[in-house]
Engineer: 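Please read through the structure below; I'll follow up with questions.
Numbers here simply count residues along the sequence, with the first being 1.
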Amino acid sequence: MSPDVHVGALGRVGAVFAVIALLVVGCSDGGSPPVATSAPSTSTAASPPPVVAPRELSSDPSRLADDLIADENVLRDPAASDELLTAAAHRQQAAYRAIGEHPEWDAVVRPRIPPPLIEAYDRNVDARRQLEALSTARDVVPAWQIVSPPPADELLGYYREAEAATGVAWNYLAAINFVETAFGRIVGVSPAGAQGPMQFLPGTFAQYGDGGDITAPRDSIMAAGRLLAANGFAENRGSALFRYNNSDHYVRAVDDYATAMAADATAFPAYHRWQVYFHTTMGDILLPVGYSEAAEVPVADYLGRNAMSPAAARISPQSEATLDRMLAARNADSTAETSRRSELLSRQFLGIPYGANTLIGTESVPEELVVDLDSVDCFTYADYVEALKRAGTRDEFIAALTAVRYRDGIVSFTNRKHFFTDWAAVAPELATDVTASLSPAAIQTGKNLNAKDVGGTYLPGLPVVPRAVTYIPSESVDASVLSRLRDGDYVGAYAADGGLDVTHVGVFVNGPDGPVFRNASSLSQYGQVVDQPFLGYLQTVPGIVVLRPVA
C-alpha cells in the first residue's frame with residue numbers, strides 16, 4: 001500500500017504520489033486579459049485536516065532548479081537545525097514531484113544541477129517517473145491511519161541487522177520500506193490483505209517472519225530480508241525485487257532510491273522526513289500524521305465537508321516575516337474605520353515586486369492556498385489587503401484569505417473567485433458594486449465571463465458565467481465621480497473583451513498630491529506596487545468598475 005505504487009506480488013496497493021504542476025494568474029496594466037487558476041483540501045472530526053500539499057515552489061523551472069539546489073545543500077549541512085532540515089526535505093520532495101511530472105523542463109533544469117548533485121538528481125527524477133507510471137487517481141480517500149514513523153536511527157539499525165543476517169543490502173530494505181509505506185507512516189490493510197510497514201500477506205509473513213509480528217518494524221524488515229535472500233537477491237537483485245512487487249517500474253524506483261541512499265549518507269534522513277500524499281480524482285491530498293479513516297470515503301464528500309487548516313498555507317519564511325510586520329502595523333492602528341484601514345494596509349505593500357505566476361491550480365492541477373508576500377500581482381495584492389483588514393493574527397489571516405479568495409471557504413479551482421466582480425456577486429459579499437451610484441454616465445453591459453470573444457474559454461474546466469457589468473467610461477470620470485470615491489475602494493480597469501470584467505485591479509487612495517491608483521504594476525518602469533496618478537491611469541483604460549469593501 002505504498003504511497004507510490006499499486007498492487008504487487010504480495011498484494012500491495014498504493015496511494016500513488018502525483019506531481020502537482022504549477023500555473024498562476026497575471027494582471028495587465030494596459031490590455032491583455034488576466035485570468036486566474038486551483039484543487040481541494042480538507043478534514044474530518046476524527047482526524048487533523050488533510051490538506052493539499054504545501055510547497056514553496058516556483059513555476060519557473062530555472063528558479064525551481066536553483067531552489068532545489070539550495071535545499072539539497074541545506075540537507076547536506078551538518079550544522080542545519082532540525083526545523084531547517086524538515087522544511088528543506090518537504091520542498092525537496094515537492095520539487096522532485098514537480099520535475100518528474102514535467103519532462104519538458106529537463107532541458108532547463110538538469111543543466112543547472114551542479115556535478116556533485118547530478119547523480120542524486122537523476123535518481124530522484126527517474127524514481128518519481130517510474131512510480132508515476134504506476135499511478136491511478138482514485139475517487140475515494142483511503143481507510144488508513146498516518147502515524148509518525150520510527151526514528152531514522154532506529155530503522156537504520158533494523159536495516160543493518162537484517163543485512164548482516166540475510167546479505168540483503170540495508171539500502172534496498174530502506175528503499176522498499178520507503179516506497180511501500182513511507183517508512184511505516186501508512187497503517188492499513190491493502191485490498192489483497194497485505195499488512196505492516198513492509199506490506200506482507202499474512203501467509204507470506206508466516207513463511208519468513210520467524211514467528212514475529214507482521215506490524216512490527218523490526219520483524220517485518222527482517223522478514224523482507226529473508227524473502228529477498230530466498231529469491232536470489234545476491235545473484236540477481238532485479239529478479240528478487242521483481243518477485244517482491246512484480247513491476248519493472250517498481251524495481252527501477254526501488255533501485256534508484258537505494259542507490260541514492262548508498263551514495264550519500266544524507267539521503268536516507270531526508271527521505272525519512274518526506275510526507276504522505278494520496279492521489280485522487282480531485283487532486284493530490286497531503287495526509288498528515290493523525291489522519292484516520294476507518295473506511296474509504298468518496299473524495300468529493302470528504303473534501304466538501306472539511307475546511308483547510310491554517311497550517312496548510314504555502315508560505316515562505318520571508319513571507320511569514322512580511323506578514324508579521326503587516327499584522328503588527330494593522331494591530332497598532334486603533335481605528336476600525338474601513339477606508340483608513342484600507343489605506344494603511346494597502347500602503348504596507350508599496351515597493352513589493354510585481355510577480356505573476358504565484359497562484360497554483362487549474363482544472364487538472366490541485367489547488368494550493370498560496371501566501372506569497374514576496375511578490376504580488378494585481379489580484380493577489382487585493383486578496384492580501386482585504387484579508388489583512390479582517391485579521392489580527394496569522395491564523396486569522398489565513399482563514400480570512402481563504403474566505404476572500406474562495407467560495408464557501410473551500411480551497412479548490414472551481415471555488416476560486418476568478419473574476420473581480422465575484423467579490424460583489426458571490427455571497428457573502430466582500431464588496432458592494434457602487435459603480436452605477438458614482439455617475440449617471442455609467443453603462444451596464446451583458447458579459448459571458450470566461451468566454452473568449454474569439455471562441456473557447458479563458459479557464460478550461462469552468463463554466464461560462466452570464467453577468468451584467470457596469471462601468472464608467474474613463475472620459476466620464478469627472479470631479480463629481482472623484483468626490484464620491486473613497487480611500488480603499490477597489491477599482492478595476494474595464495475589459496472590452498466580453499469574457500472578462502476587468503483587466504487590472506488596484507486601490508483608490510486620496511494622496512497628498514491628488515488621487516492615486518495604488519496597484520501592483522507590471523509595467524517596466526515600475527515592476528512593483530506603486531502609487532500612480534489616478535487621472536493619468538484613466539487615460540490608459542476604457543473605463544472603471546468600482547467595488548466598495550464591506551469590511
Engineer: What heavy-atom pair brings F200 and I214 nearest, and what distance separates the two atoms?
Structural biologist: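 Closest approach of F200 to I214: O-CD1, 3.4 Å.
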
Engineer: Can you confirm whether E104 is buried at CD, in the sense that more than 12 heavy atoms of other residues, nucleotides or ligands lie under 6.0 Å from that atom?
Structural biologist: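 It does: E104 CD has more than 12 such atoms within range.
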
Engineer: How would you list, by chain and number, every residue that makes a side-chain hydrogen bond (donor to acceptor under 3.5 Å, both in side chains) with T166, sequence neighbours excluded?
Structural biologist: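 If we apply the side-chain hydrogen bond (donor to acceptor under 3.5 Å, both in side chains) test to T166, skipping adjacent residues, there are no hits.
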
Engineer: Check Y406 against E368 and note the closest heavy-atom contact, atom names and distance.
Structural biologist: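 What the structure gives for the nearest pair is OH-O, 3.6 Å.
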
Engineer: Are side-chain N/O atoms of N171 and Y257 paired as donor and acceptor at under 3.5 Å?
Structural biologist: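 Judged by distance alone, the side chains do not pair up.
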
Engineer: If you measure from CG on L117 to CD1 on I69, what distance do you get to the nearest 0.5 Å?
Structural biologist: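 Going from CG on L117 over to CD1 on I69, the span is 7.0 Å.
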
Engineer: Please name the pair of heavy atoms, one in L68 and one in A95, separated by the smallest distance, quoted to 0.1 Å.
Structural biologist: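 Between these two residues, the closest heavy atoms are CD1-CB, 4.0 Å.
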
Engineer: Atom CD1 in I221, atom CG in L155: separation rounded to 0.5 Å?
Structural biologist: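 That separation rounds to 5.5 Å.
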
Engineer: So, using side-chain hydrogen bond (donor to acceptor under 3.5 Å, both in side chains) as the criterion, who are the partners of E396 when residues are at least two apart?
Structural biologist: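 Scan of E396 (side-chain hydrogen bond (donor to acceptor under 3.5 Å, both in side chains), adjacent residues dropped) gives none.
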
Engineer: Under the criterion side-chain contact (heavy atoms from CB on, under 4.5 Å), which of R91, H90, Q93 is the partner of D71?
Structural biologist: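 Output: one option passes, namely R91.
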
Engineer: Are the side chain of R76 and the backbone of E72 linked by a donor-acceptor contact shorter than 3.5 Å?
Structural biologist: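 Between the backbone of E72 and the side chain of R76 there is a qualifying donor-acceptor contact (under 3.5 Å).
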
Engineer: Could you check whether any side-chain N or O of R405 sits under 3.5 Å from a backbone N or O of V370, counting only pairs where one atom can act as donor and the other as acceptor?
Structural biologist: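 Side chain of R405 to backbone of V370, a donor-acceptor pair under 3.5 Å: yes, one is there.
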
Engineer: Would you find a donor on one side and an acceptor on the other, under 3.5 Å apart, between the side chain of R185 and the backbone of H272?
Structural biologist: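 Checked: pair present.
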
Engineer: Counting N and O atoms only, with roles assigned by atom type, does the side chain of R129 sit under 3.5 Å from a partner on the main chain of G100, one being a donor and the other an acceptor?
Structural biologist: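 Between the backbone of G100 and the side chain of R129 there is a qualifying donor-acceptor contact (under 3.5 Å).
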
Engineer: Taking all non-hydrogen atoms of both residues, which atom of G193 and which atom of L201 are closest, and how far apart?
Structural biologist: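 Heavy atoms of G193 and L201 come nearest at C-CD2, 3.7 Å.
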
Engineer: How long is the span from the OH atom in Y172 to the CZ atom in F178, to the nearest 0.5 Å?
Structural biologist: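 If I round to the nearest 0.5 Å, the distance is 15.0 Å.
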
Engineer: Counting only N and O atoms by type, is there a donor-acceptor contact under 3.5 Å from the side chain of R252 to the main-chain atoms of D126?
Structural biologist: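 Side chain of R252 to backbone of D126, a donor-acceptor pair under 3.5 Å: no, none is there.
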
Engineer: Will you find, in the side chains of Q199 and Y244, an N or O donor that is under 3.5 Å from an N or O acceptor?
Structural biologist: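 No, because no side-chain N or O of Q199 sits under 3.5 Å from a partner of the opposite role on Y244.
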
Engineer: So D377 and T380, side-chain hydrogen bond (donor to acceptor under 3.5 Å, both in side chains) or not? Walk me through it.
Structural biologist: CA-CA 5 Å; D377 66 21; T380 59; 3.0 Å; yes

Engineer: Using ring centroids (six-membered ring only for Trp), state whether F183 and F268 fall under 6.0 Å.
Structural biologist: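 Yes, they do, as the ring centres are separated by less than 6.0 Å.
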
Engineer: From M261 CE over to T259 OG1, what is the distance, rounded to the nearest 0.5 angstrom?
Structural biologist: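 The distance works out to 9.0 Å.
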
Engineer: Apply side-chain hydrogen bond (donor to acceptor under 3.5 Å, both in side chains) to R273 and list each qualifying residue two or more places apart in sequence or on a separate chain.
Structural biologist: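 By the side-chain hydrogen bond (donor to acceptor under 3.5 Å, both in side chains) rule, R273 matches D82, T86.
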
Engineer: Check whether any side-chain N or O of N331 sits under 3.5 Å from a backbone N or O of G392 as a donor-acceptor pair, and report yes or no.
Structural biologist: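 Confirmed, N331 side chain pairs with G392 backbone.
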
Engineer: D264 vs T266, test: side-chain hydrogen bond (donor to acceptor under 3.5 Å, both in side chains). Steps then yes/no.
Structural biologist: CA-CA 5 Å; D264 186 346; T266 66; 2.8 Å; yes

Engineer: Looking at R394 and D324, does any basic side-chain N land under 4.0 Å from a carboxylate oxygen?
Structural biologist: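 No, this pair does not count.
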
Engineer: State the CG-CE distance between L227 and M222, to the nearest 0.5 angstrom.
Structural biologist: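 One gets 13.0 Å once the value is rounded to the nearest 0.5 Å.
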
Engineer: Spell out, as yes or no, whether a donor-acceptor pair under 3.5 Å connects the side chain of Y384 to the backbone of D372.
Structural biologist: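 Between the backbone of D372 and the side chain of Y384 there is a qualifying donor-acceptor contact (under 3.5 Å).
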
Engineer: Quick one: salt bridge (Lys or Arg N to Asp or Glu O under 4.0 Å) partners of E296, sequence neighbours excluded?
Structural biologist: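 With neighbours one apart ignored, the set is R138.
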
Engineer: What's the spacing between L173 CG and M198 CE if we round to 0.5 Å?
Structural biologist: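 That separation rounds to 5.5 Å.
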
Engineer: Taking ring-ring contact (aromatic ring centres under 6.0 Å, His included) as the test, write out the residues that go with Y121, two or more places apart.
Structural biologist: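 Residues passing ring-ring contact (aromatic ring centres under 6.0 Å, His included) with Y121: none at all.
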
Engineer: If you take all heavy atoms of G184 and P197, which pair is closest and at what distance?
Structural biologist: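 For G184 and P197, the tightest heavy-atom pair comes out as CA-CB, 4.1 Å.
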
Engineer: Salt-bridged, R123 to D255, with N to O below 4.0 Å?
Structural biologist: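 Yes, R123 and D255 are salt-bridged.
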
Engineer: Return yes if some donor-acceptor pair links the side-chain N/O of T322 with the main-chain N/O of Q318 below 3.5 Å, else return no.
Structural biologist: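 It does hold such a pair.
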
Engineer: Look at the aromatic rings of Y271 and W274 and report parallel, tilted or perpendicular, splitting at 30° and 60°.
Structural biologist: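 Ring orientation of Y271 relative to W274: perpendicular.
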
Engineer: Just jot down the ring-ring contact (aromatic ring centres under 6.0 Å, His included) partners of F397, sequence neighbours excluded, or say none.
Structural biologist: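 ring-ring contact (aromatic ring centres under 6.0 Å, His included) list for F397, sorted by chain: empty.
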
Engineer: Answer with yes or no after comparing the ring centroid distance for F379 and H418 against a 6.0 Å cut-off, counting only values under it.
Structural biologist: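 F379 vs H418: aromatic centres not under 6.0 Å.
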
Engineer: Is the closest side-chain donor-acceptor distance between Y158 and N177 under 3.5 Å?
Structural biologist: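 Side chains of Y158 and N177: no pair found under 3.5 Å.
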
Engineer: Is a side-chain donor or acceptor of R226 paired with a backbone partner of Y208 at a separation under 3.5 angstrom?
Structural biologist: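 Present.
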
Engineer: Sub-3.5 Å donor-acceptor pair from the side chain of D219 to the main-chain atoms of G212, do we have one?
Structural biologist: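 No, D219 side chain to G212 backbone: no donor-acceptor pair under 3.5 Å.
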
